[in-house]
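Report on the structure given below.
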Amino acid sequence: MPSPRDHQPVRVRFAPSPTGLLHLGGARTAMYNYLLARQTGGQFILRIEDTDQKRYDPTAEQDIIDSLHWLGLQWDEGPDVGGPHGPYRQSERKALYQPLAAQLIENGQAFYCFCSREELEASRNEQKARGVQARYAGPCRDLSPEEAQARVAAGAEHVIRFKMPREGSITVTDRLRGDITFENRNLDDSVIVKSDGLPVYHLAAMADDYLMKITHVFRGEEWLPSLPLHAHIYRAFGWTEPEWVHLSLFLKPSGKGKMSKRETEAMRLTGQTIFVKEMGALGFLPEGVLNWVALMGWSYDDSTEFFTLEDLVSKFTIDRLNPSNAAIDFKKLDHFNSLHLRALPPEELARRCMPFLVAAGLPADLETVTRIAPIIRERMVTLDEAPDWMAFFFKDKVEPAPESLIAKDLTAAESRAALARATAELEALPEWTHTAMEEKLRALVEELGLKAGQLFGLVRNATAAQPVSPPLFESMEILGREVTLARLKYALGLLETLT
RNA sequence: GCCCCCAUCGUCUAGGGGACCAGGACGUGACCCUUUCAAGGUCAAGACCGGGGUUCGAAUCCCCGUGGGGGCACCA
């Protein structure tokens, strides 16, 4: 069911914690946010959730920014671009959370807790042994405000916990699943401010979403269990909740569970990755990745599957999101990538191939690559294949295996004779175009009573020195008269040695 | 163990009571086209988890099983 809030300008945010590389799940969440923001003329905000100093990775924020840029998902407000509701790093917003936590304590909706980690650990184990759900069971919840205040004033180390009601229930609406009811007795007195004074996610994210006027919260389904806590926090402050949209999870290709670190590593060996940063180097286009990922958990109709980012901006709707988990299918990524590869104008495709050609040590130039682009784009799946397809255009000379110059069902001498005739025909050509070459050589095939594949295969191996290559005549045209003829003559020389 | 979510071809999905002996895509197989490889075209195999209801009628609604997934931290 669409909500009227989906159509007014939304304020949405992508709020990753800087603990590692941006992965596919994050990319999808960021994209859905972006789509709704652009569609409604709202704002897309990037917020860094760095309240955990232990897991903080100083390189992660840059990776997130780079990856998002690569995907083309530009944000309107964020740590690097600023905005009216900053700062956009939670570590820089510490002062904002403190009075909020104080307010909850004031109202009796939170309490100071002085229990040690050891005590909590012991209590948890004891409860687990009894087979009950482990929850906070210490004495601090019932401390008088005066005593708690006194201990804090005396410098006692403490955290702040949310005082979860012991009875009743709370019903929260998730946009994909409808109303979900949780019994409060199953909920915990969760820590909302750590002993280092920084809030945990539960408080920080809710406070920021409220302060930043976030209207829709897109996040992974792994957050569903803490949704009641978050709703309680919102309600404790008397704030209006955002639209909650819990996205399905991405499962490993086998469909058995989330991706683990171990499997992520193993994947690298097979040329697959879930990290956005690494996809470009593997030859994937942002367009392909986006299209692929968009369709894992969302669909437009029963048949449309090719989408550009702009298409998605106009067509995305929350109500067509699918709540069930999806196994990652890299074969399908190949498919979408090749689709988008073919959709690129030749010069653009060439531009994107250049880094790979240069990395392969080929003296490629943009003009030539642009001429090659149209004849290879239908056979390329990823950009990293560019050198394989194009290398022979840029080498000074090629070294065909002599045996490869003997056509099927022909002797070496016959092959040599045929190749010699072909060379002569081409040499005599007034204009070096693929149509003219094809016309001549087809006539020759006829004259010699050969099959097209026999002659063309010879010429292919002589000029490209590889059995699989782009269309022959177009290739020779691009190669140019001089180089082509030189290679043919060199091949004739090689054949000489076999006769 | 407790809590929560999910459930259509191997995979991603369409389907929101009759239009469905369930549609599309990837992948797979066959054939056609063909100078290699692709692309393209045609065809094929392939699914409503099970059981109860509700209804004249359920893939679609409800319940119970089962299965899968997620969560139970001073991490997000």
Side-chain angles (χ1 to χ4, degrees), chain A residues 15-19 49-52 54-55 113 115-117 120-121 124 127-135 157-161 174 176-177 180-183 185-188 190-196 198-202 204-205 219-228 246 248-249 251 253-258 292 295-306 320 322-336 338 342 375-381 389 438 441-442 445 451-461 464 466-473:
Chain A
S17 63
T19 53
E49 312 232 319
D50 57 349
T51 54
D52 185 359
K54 290 186 217 71
R55 292 207 304 157
C113 175
C115 295
S116 70
R117 290 167 208 262
L120 293 168
E121 178 78 40
R124 247 196 306 273
Q127 293 181 69
K128 270 193 174 145
R130 275 182 15 230
V132 295
Q133 182 160 5
R135 285 194 302 275
E157 184 167 295
H158 63 276
V159 299
I160 297 175
R161 288 176 182 276
D174 172 73
L176 275 43
R177 297 155 240 270
I180 307 173
T181 299
F182 301 83
E183 297 298 325
R185 66 184 146 78
N186 290 323
L187 271 23
D188 203 359
S190 304
V191 170
I192 54 175
V193 176
K194 296 177 279 184
S195 54
D196 64 5
L198 282 170
V200 297
Y201 176 89
H202 304 308
R219 51 170 17 176
E221 195 192 71
E222 71 267 24
W223 289 105
L224 228 34
S226 45
L227 178 58
H246 290 87
S248 63
L249 265 24
L251 271 26
S254 65
K256 303 233 172 289
K258 289 205 295 187
W292 175 52
L295 258 21
M296 295 181 70
W298 179 83
S299 63
Y300 177 64
D301 59 17
D302 63 351
S303 53
T304 317
E305 56 157 24
F306 181 88
R320 290 200 63 89
N322 181 160
S324 44
N325 296 167
I328 294 173
D329 181 357
F330 287 100
K331 276 277 174 31
K332 202 133 186 175
L333 169 58
D334 283 344
H335 173 248
F336 282 114
S338 56
R342 275 183 265 160
I375 61 172
I376 51 136
R377 67 175 162 185
E378 284 186 353
R379 39 212 107 212
M380 245 188 356
V381 174
W389 285 108
E438 178 162 6
L441 292 197
R442 280 200 189 278
V445 163
K451 289 200 199 106
Q454 291 177 299
L455 212 219
F456 297 175
L458 283 183
V459 179
R460 177 187 308 285
N461 281 317
Q466 54 190 55
V468 174
S469 70
L472 179 60
F473 303 107

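Letters A, B, ... are given to chains in the order of the sequence lines, protein chains preceding strands, and every chain is numbered from 1. The analysis underlying the following values was restricted to heavy atoms, covering all of them including side chains, and did not include hydrogens, waters or symmetry mates.
For A:Ala327 and A:Leu120, each mapped to the nucleotide of RNA chain B holding its nearest heavy atom, the one lying further toward the 5' end belongs to A:Ala327. Comparing A:Val132 and A:Ser17 by the nucleotide of RNA chain B that holds the closest heavy atom to each, the one mapping nearer the 5' end is A:Val132.
Whole-Å rounding puts the A:Ile192 CD1 to B:A76 P distance at 13 Å. Between the CG atom of A:Leu251 and the P atom of B:U13 there is a distance of 10 Å, rounded to whole Å. Between the CG atom of A:Leu295 and the C1' atom of B:C26 there is a distance of 11 Å, given to the nearest Å.
As the counterpart of B:C21, no nucleotide is assigned, since no Watson-Crick or G-U wobble pattern has both distances under 3.5 Å.
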Kindly give the atom pairs (protein nitrogen or oxygen, nucleotide nitrogen or oxygen) under 3.5 Å for nucleotides 30-33 of chain B.
none

If you restrict it to nitrogen or oxygen atoms, what contacts under 3.5 Å exist between nucleotides 3-5 of chain B and the protein, and what is each distance?
unit_1 : atom_1 : unit_2   : atom_2 : d
B:C5   : O2'    : A:Arg177 : NH1    : 2.9
B:C5   : O2'    : A:Glu221 : OE2    : 3.1

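When distances run from any side-chain atom of A:Ala326 to the nucleotides B:A25, B:C75, B:C12, the shortest one goes to B:C12. Comparing B:G10, B:G69, B:G23 by their closest approach to the side chain of A:Asp302 singles out B:G23. The side chain of A:Arg379 lies closest to B:C37, out of B:C37, B:A76, B:A14. Candidate nucleotides B:A76, B:C74, B:C26 were compared by shortest atom distance to the side chain of A:Glu157, and B:C74 ranks first. For A:Arg55, taking side-chain heavy atoms from C-beta onward, the closest of the listed nucleotides B:C37, B:A76, B:A14 is B:A76.
One finds no salt bridge joining A:Lys332 and A:Asp329 here, because no Lys/Arg side-chain nitrogen approaches an Asp/Glu carboxylate oxygen to under 4.0 Å.
Between B:U11 and B:C33, the two C1' atoms lie 29 Å apart (nearest whole Å). For the C1' atoms, the distance from B:U8 to B:G68 is 15 Å, rounded to whole Å. B:A38 and B:C20 have their C1' atoms separated by 36 Å, given to the nearest Å.
For a distance-only test at 3.5 Å, the side chain of A:Ser324 fails to qualify as a donor-acceptor partner of the base of B:C6.
A sub-4.0 Å separation between OP1 or OP2 of B:G70 and a side-chain N or O of A:Lys258 is absent.
With hydrogens and angles ignored, the 3.5 Å screen pairs a side-chain donor or acceptor of A:Asp52 with a backbone N or O of A:Lys54.
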